[in-house]
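Encoded as structure tokens, the structure appears first; notes follow it.
All of these numbers come straight from a predicted model, not from anything done at the bench. Residue numbers start from 1 in every chain, and the chains themselves are labelled A, B, ... in the order their sequence lines are given, proteins ahead of strands.
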There are 2 protein chains.
Amino acid sequence: MSQRELDPRKELILKVVTDDYIESAEPVGSRTIARKYNLGLSPATIRNEMADLEESGYLKQPHVSAGRIPSQQGYRYYVDMLMQQQKLKEEEQGLIRLYFEDRSRELDTILQQTVKILAQLTRYPSLMLGPTLQPSIFKHVQLIPLSANDILVLIVTDMGIIENKVIAVDCPVTQADLDRASYSLNKKLRGRPFASLKSSVLNELKEEIKTEDSSFQQAVTLLLSSLDTREKERVYLDGIINILEHPEFKELEKFKLLLELMEEEERLCRLLSSPYPGIRISIGEENPEEAAHECSIITANYEIGGRVVGTIGVLGPTRMDYAHVVSVVEFIAQSLSEFLSKS
Amino acid sequence: MSQRELDPRKELILKVVTDDYIESAEPVGSRTIARKYNLGLSPATIRNEMADLEESGYLKQPHVSAGRIPSQQGYRYYVDMLMQQQKLKEEEQGLIRLYFEDRSRELDTILQQTVKILAQLTRYPSLMLGPTLQPSIFKHVQLIPLSANDILVLIVTDMGIIENKVIAVDCPVTQADLDRASYSLNKKLRGRPFASLKSSVLNELKEEIKTEDSSFQQAVTLLLSSLDTREKERVYLDGIINILEHPEFKELEKFKLLLELMEEEERLCRLLSSPYPGIRISIGEENPEEAAHECSIITANYEIGGRVVGTIGVLGPTRMDYAHVVSVVEFIAQSLSEFLSKS
DNA sequence: TGTTAGCACTCCCGAAAGGCGAGTGCTAAT
DNA sequence: ATTAGCACTCGCCTTTCGGGAGTGCTAACA
């Protein structure tokens, strides 16, 4: 975080320039500021201040005879020090609340729709990293025979997240075998956090099943290994189209890079995942992805029962309506957390 | 289907124009044809034929001094009568086969990756309508308590499709209640086709449970109603970016309309769903969606165990490589059907 | 010393102009 | 019936050019 290192008048001007540029998408000139914002300063004075701000890296000029726009450093200062926290408008709050009132749907649908509403309210592309298994608690496992050699493994967590996986076994197993296996797996695993499964419990379990027959052994071993490999999280996405509203993407090439990014889940994950809780704002080149170097990303984590399980966020040009987006993302993340924690 | 109503030389010229335009995206002129395709005809002759073809509606001119391009009617004739069926290249077949060899994944992932490979091979945006429940056979149901008042209902079909839904009950139910309910539901429903559930079986079941306690009754009733409402199919999508390779979408507005379409599942469903099996080609305004009036769509249904359960398809400009796409879509639909039927 | 008016200068942007080139339809010859 | 020749059309690309917005600098002023 930056220190407060600009004098009040420079701050004021930086703020005004940023606000105006965010709104208009046009470089802001000294004349405009003087006329529009009544600061009691002449254009010339503002010009001087702007020149200073440019020299110290907070503003820049697209070209000599244009107004100023904020640099990445300028946005950072704006976001950290100048931006006014907005309270979400009543109607927006209402919309979100209303949406989260209707409850009986699949998890998948809920998440998809949450991203959709986020995109609608922000008018930017919105993304979500689906809930991880890691912090969940094991609730139920069910082994279901699909055919002679294929078993469907269903794992349910306390959050209602469902994992399913087909595993192939060499020798046929009977329904009875599987029921028995399901039963003892459940007895053993129910209530345990996933994070702890890999190490202790599983070995323990492996020991135990030595006494059982081989097909059961095999099934369990496979289950365990499949639990191991399962790390990929789903990415939800909506409102890509919103990006086209913004003049910075009128050049197809720029948009193309971004669209490419959006179609690759791994890269999105890298962009979104954030270790610490709370709102995070990444501006321009702070983003790890080359394609997003002219974008900013605002994310917040959401939780289930106090445990962080996923991330929700918005992607936009660096000239983004930070204040508004922050308030929406925050509110939705919180609403989603509450919603998921209730079930 | 059109009758064969053009004389051979006109057909030849229509075919050449279409082939060339599909490849080059430029209106093709008489001179080009004469030089490039050695038809033993002079440009002037070709011009006369083209003028005839234009008059009868198979070709059109973007403007007076440009070459000809196929009209929608022209494409239709091309697709129905002139296009040579291609056999898929060995390497493409190999790629697809290779992909379908690796088996143990979730259904969801498989479908997503199938669309991805379709997009890769065709270089067009690709879509899939996820498998419907309707033609499946009931395999297993499991009721799992998530909290005091929420029950997770898991339904597994013989195809490994998994539906899950959270339903809320008024009064708390115990694990034992649910196990008992699961048991009798399974006994009753296993092996029945979904299509038949709504009517006969369910009423029968309702009668039967009158004798049971109320919480059980309630759960079953809810289950039935949730089965009813569940009709929405998932849409998988990949390779949107490919559309930008084509000059017809260099105008942002056109692309925007299409992107809008792609972000709305219902509209995609309407566009894709096709009653009859086999390859279907919709050209330009044959499509029900306004936004796709300058596009063509090639779809094929895929099956599980001989029953049509979904659709896979490709969207491109009307100037689309029909022959190649048809062969890819066909092959992938078939491979997917085989793959899904094996499990 | 900070602020402001005045002014010359820069440079983007959009409109207008002009030339090129590809392709056509028509006519007349084969 | 086919073809060569030719005048004509028209999209597109490049160039040109003026207007306008905005600047930095200088000098005057409080």
Is E286(B) paired with R76(B) through a side-chain N to carboxylate O contact shorter than 4.0 Å?
yes
Return whichever of H63(B) or E49(B) has its heavy-atom-nearest nucleotide of DNA chain D closer to the 5' end.
E49(B)
Within the 4.0 Å limit for protein heavy atoms, which parts of nucleotides 23-30 of chain C are touched? Write it as a string from 5' to 3', B for base, S for sugar-phosphate only, - for none.
SBBB----
Please state how far atom OH in Y21(A) lies from atom P in dA21(D), giving the value in whole angstrom units.
19 Å
Just checking, any donor-acceptor pair under 3.5 angstrom between side chains of E11(A) and Y77(A)?
yes
Looking at dT4(C), dT2(D), dC10(D), which one has an atom nearest to any side-chain atom of T45(B)?
dT2(D)
S42(B) side-chain N/O to dT2(D) phosphate OP1/OP2 under 4.0 Å:
no
Residue pair Q93(B) / L88(B): nearest heavy atoms and the distance that separates them:
NE2-O, 3.4 Å
Should Y75(B) and I281(B) be marked as a side-chain contact (heavy atoms from CB on, under 4.5 Å) after you check the CA-CA gap, both sets of side-chain angles, and the distance that decides it?
CA-CA 11 Å; Y75(B) 281 121; I281(B) 304 180; over 6 Å; no
Please state how far atom CD1 in I33(A) lies from atom P in dT3(C), giving the value in whole angstrom units.
15 Å
Report yes if the side chains of L237(B) and M128(B) come closer than 4.5 Å at any heavy-atom pair, otherwise no.
no
For a salt bridge (Lys or Arg N to Asp or Glu O under 4.0 Å) with K10(A), tell me which candidate from E5(A), E49(A), E55(A), E54(A) qualifies.
E49(A)
Mind calculating the distance between NZ (K250(B)) and P (dG11(D)) to the nearest angstrom?
14 Å
Over how many whole Å does the gap from K10(B) atom NZ to dA1(D) atom P extend?
11 Å
Could you state the CD1-C1' distance from I69(A) to dG22(D), rounded to the nearest angstrom?
14 Å
